[in-house]
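Order of the sequence lines fixes the chain letters, A, B, ..., with proteins taken first and strands second; residue numbering starts at 1 for each chain.
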Number of protein chains: 2
Amino acid sequence: MSEKVTIYDIAEKLNITAATVSRALNNNPKIKEATRELVIKTASEMNYKQNKLALALKSGRSNNIGVIVPRIDSNFFASVIRGIEEELYPHGYQVIICQTHESIKRENENLHTLVDAQVDGIMMSVTGISNENDSAFRNVLEKNVPLIFFDRSKHIDGVSSVTINDFKGGYLATKHLIDEGCRQIAHLSGDRSLDIFNNRFLGYKQALLDSGLTFNEEHVIHVKSSVEAGKEATTTLLGLQTPPDAIFSSSDFAALGAIQELQARNYSIPNDFCVAGFSNEPFTKFMELSITSVDQSPLEMGKMSARVFLEQVDKTDTIKIEKKVVLAPELHIRKSSTRTNF
Amino acid sequence: MSEKVTIYDIAEKLNITAATVSRALNNNPKIKEATRELVIKTASEMNYKQNKLALALKSGRSNNIGVIVPRIDSNFFASVIRGIEEELYPHGYQVIICQTHESIKRENENLHTLVDAQVDGIMMSVTGISNENDSAFRNVLEKNVPLIFFDRSKHIDGVSSVTINDFKGGYLATKHLIDEGCRQIAHLSGDRSLDIFNNRFLGYKQALLDSGLTFNEEHVIHVKSSVEAGKEATTTLLGLQTPPDAIFSSSDFAALGAIQELQARNYSIPNDFCVAGFSNEPFTKFMELSITSVDQSPLEMGKMSARVFLEQVDKTDTIKIEKKVVLAPELHIRKSSTRTNF
DNA sequence: TATTTTCGTGTAATCGATTACATAATTTTT
DNA sequence: AAAAATTATGTAATCGATTACACGAAAATA
């Protein structure tokens with residue numbers, strides 16, 4: 001029933017050696033055409049399937065690549081993974097998913113597990129920039145496993161990354177709010193020890209300065225990426241001496257929270273107050289009051305990461321090429337910040 | 001630099017054989033305590049890591065399990081995968097993700113690829129019930145690879161499944177709409193050759209009959225799971241002789257489309273018209289007009305699938321146990337269908 | 001025809017870990 | 001102290017495929 005057919009079975013049947021069978025199946029030019037055809041025909045008849053594990057052991061390559069993300073049930077990460085999978089599938093790679101659940105300890109474990117599982121490469125979005133787990137990263141590099149960061153990256157020599165231009169994203173969103181007539185623009189930021197959040201903040205600040213507006217430290221609030229956090233931050237902002245008339249949020253969820261809080265207080269959006277988010281989560285365009293947001297082209301990011309991996313995977317002998325790909329963010333302007341009618 | 005340490009290296013260093021090293025590391029009781037400690041200490045010093053590929057080849061078990069879903073960038077599937085991963089991680093399994101993109105051909109390929117990759121089990125939500133790819137399924141079963149369906153399943157002898165009670169889900173949602181005073185309830189259905197959609201439809205129909213309402217064939221429309229399809233279907237429904245006063249949609253996206261179309265026509269929801277969806281997608285609760293929806297507890301579904309797999313994986317000798325787990329759906333009542341005030 | 005090439009296939013090692021079986025070392029029993 | 005039982009370790013096969021090297025046979029050259 002569950003007959004596992006090996007090249008030895010084929011060899012026996014044809015009175016030849018496994019070596020010949022192997023060569024015939026691999027199109028080795030040294031095999032006689034008649035033999036090759038016979039082997040291929042017989043293999044097919046016997047329903048032979050190459051044992052990938054044996055191949056992996058022999059070659060040292062598993063044809064699996066690992067992907068580590070904070071969580072998979074977020075549209076952004078799921079889309080990146082989709083991109084990676086689509087790009088790598090034609091090359092015969094399988095994608096192994098690991099989630100850190102925002103825990104450095106777990107990130108550590110995942111890195112070790114993947115290396116132990118002999119993956120041919122690792123693509124990840126780091127969970128934090130703490131140094132606690134540097135040994136796990138060192139382990140990856142020592143074992144010469146290609147490592148590629150996407151979106152959230154760490155500064156490690158020789159490691160490539162695919163990110164978007166978060167500075168520009170923050171700049172575009174803020175500039176847009178200014179263009180709509182807002183003058184007191186607040187910013188909901190994430191953990192600024194992570195580049196992505198720091199750069200969005202810097203872009204925001206630069207846009208203010210370039211437009212001759214003053215940067216107000218009070219208007220920058222650190223929030224978690226949640227609706228609740230957005231509400232709280234908004235409450236705080238509205239209680240200030242000089243309350244803002246717009247919010248640029250690093251998180252769509254926090255932006256949504258802000259909108260809900262504002263509406264609860266009878267603010268009219270976008271007339272009294274404008275809001276823009278970041279990530280272009282699906283719900284931003286579904287809302288009746290659709291939310292302006294910066295798109296990070298996650299699908300493209302995934303595909304690009306996969307391509308960088310493919311470029312790198314063969315050149316293990318060459319000196320490591322560090323490649324930094326920076327994708328352009330795209331501002332999707334929607335109702336939450338559109339005062340002018342088209 | 002990239003020194004791969006094997007048990008032979010350890011053996012050589014300690015002047016013993018690899019067999020002894022292997023036994024010591026595997027806590028074989030026949031090993032002298034002193035030897036065991038020495039080996040473990042040395043292994044750790046030399047930074048030895050077990051080669052999982054060699055182990056996999058020897059044991060025939062890869063410690064990978066495959067998950068096949070139509071797509072990963074949907075909250076439902078991503079959540080199921082999250083559940084599977086969380087449950088299997090402690091058991092040392094890695095999760096390999098494959099997407100069919102709703103193509104039977106691709107589903108076929110994925111099944112073969114996973115079997116070839118020697119996964120220890122496959123969990124999947126089928127893309128269609130066509131018989132085109134029965135040979136791929138037969139291949140899986142012949143190779144004795146445990147197969148488990150979740151959500152969308154096929155009827156195959158000896159294959160376990162984890163689903164929700166879609167009939168009850170449809171019944172609950174419809175009954176709720178009736179309780180809110182709706183009398184002409186339409187239904188947006190999916191591909192009814194798939195059990196999940198057929199059962200939701202049957203639950204809908206039964207709820208109507210149980211309440212003494214007449215079932216109107218015209219009120220059932222087949223739609224794809226998209227906002228656009230929901231809009232079109234709503235337009236059709238409103239043009240009928242007896243237009244409906246409520247919609248129960250098998251898809252949250254179609255339900256959203258319906259709401260948008262209704263609002264565009266100045267219907268007041270929930271007063272003039274009630275809407276309920278299915279899947280409890282995140283956006284349903286984010287909307288200002290939040291959408292009533294049936295929750296499928298995807299996280300629980302993933303965990304349960306993993307548990308069924310774990311039960312089955314050891315008993316390859318025993319006669320296959322076919323296990324059908326049916327989870328209870330949960331109706332989340334929200335603004336789109338709440339006429340009564342709390 | 002003898003010699004050199006070329007061609008096709010076989011032999012055996014290898015990837016790294018596990019394990020049935022054999023054997024040496026030690027302890028227990030008589 | 002000899003025999004038996006126990007314990008610890010070594011030997012070698014195995015999982016399935018690939019491949020350097022060897023070698024015989026056929027073809028080409030001298």
Is it true that the side chains of T127(B) and T100(B) contain a donor and an acceptor less than 3.5 Å apart? yes
Name the one of L111(A), N110(A), V67(A), V69(A) that satisfies side chain to side chain contact (heavy atoms under 4.5 Å, CB included) with M124(A)? L111(A)
Rounded to whole angstrom units, what separation is found between the CD atom of Q118(B) and the P atom of dG16(D)? 9 Å
Minimum side-chain heavy-atom gap Q94(A)-V119(B) below 4.5 Å: no
With a non-hydrogen cut-off below 4.0 angstrom, is I16(A) in contact with a base, only sugar-phosphate, or nothing? sugar-phosphate
Could you check which residues of residues 36-44 of chain A get a heavy atom under 4.0 Å from DNA chain D? Sort them by number, please. none
Cationic N near anionic O, under 4.0 Å, K41(A) to E45(A): yes
How many Å lie between CG on D9(A) and P on dT14(D), as a whole number? 14 Å
Within a strict 4.5 Å, meaning less than it, do heavy atoms of the I65(A) and F309(A) side chains meet? yes
Any side-chain N or O of T35(A) below 4.0 angstrom from OP1/OP2 of dT9(C)? yes
Report yes if a side-chain nitrogen or oxygen of T17(B) is closer than 4.0 Å to either non-bridging phosphate oxygen (OP1 or OP2) of dG10(D); otherwise report no. yes
Which residue, T6(A) or A18(B), contacts DNA chain D at a nucleotide closer to its 5' end, judged by nearest heavy atom? A18(B)
Give one of base, sugar-phosphate or nothing for L55(A), where a contact means two heavy atoms less than 4.0 Å apart. sugar-phosphate
Can you tell me how far P of dT18(C) sits from CG of L53(B), to the nearest Å? 13 Å
Are OP1 or OP2 of dT14(D) and a side-chain N or O of Y8(A) less than 4.0 angstrom apart? no
Does R71(A) count as lying over the ring of F76(A), i.e. NZ or CZ under 6.0 Å from the six-ring centre, within 45 degrees of the axis? no
Which residues, if any, of residues 19-30 of chain B bring a heavy atom under 4.0 Å of DNA chain C? A19(B), S22(B), R23(B), N26(B)
Send over the distance from K58(B) NZ to dA17(D) C1', rounded to a whole Å. 16 Å
Is any side-chain heavy atom of H112(B) closer than 4.5 Å to one of K49(A)? yes
Do H155(B) and D195(B) have a side chain donor and acceptor closer than 3.5 Å? yes
Interatomic distance, L57(B) CG vs dT18(D) P [rounded to whole Å]: 12 Å
dT18(D) OP1/OP2 closer than 4.0 Å to side-chain N/O of Q50(A): yes
Applying salt bridge (Lys or Arg N to Asp or Glu O under 4.0 Å), can you list everything that pairs with K324(B), at least two apart in sequence or on another chain? E322(B)
Roughly, in whole Å, what's the span from CZ in R61(A) to P in dT18(D)? 14 Å
Rounded distance (Å) that lies between atom C1' of dA12(D) and atom CD1 of I7(B): 14 Å
Taking the cut-offs as 6.0 angstrom to the six-membered ring centre and 45 degrees off its axis, would you call R106(A) and Y89(B) a cation-pi pair? yes
Can you figure out which of dG16(C), dG16(D), dT9(D) approaches the side chain of N51(B) most closely? dG16(C)
At 4.0 Å (heavy atoms only), tell me whether K49(A) reaches a base, stays on the sugar-phosphate, or touches nothing. sugar-phosphate
Could you state the CG-P distance from N63(B) to dC15(D), rounded to the nearest angstrom? 20 Å
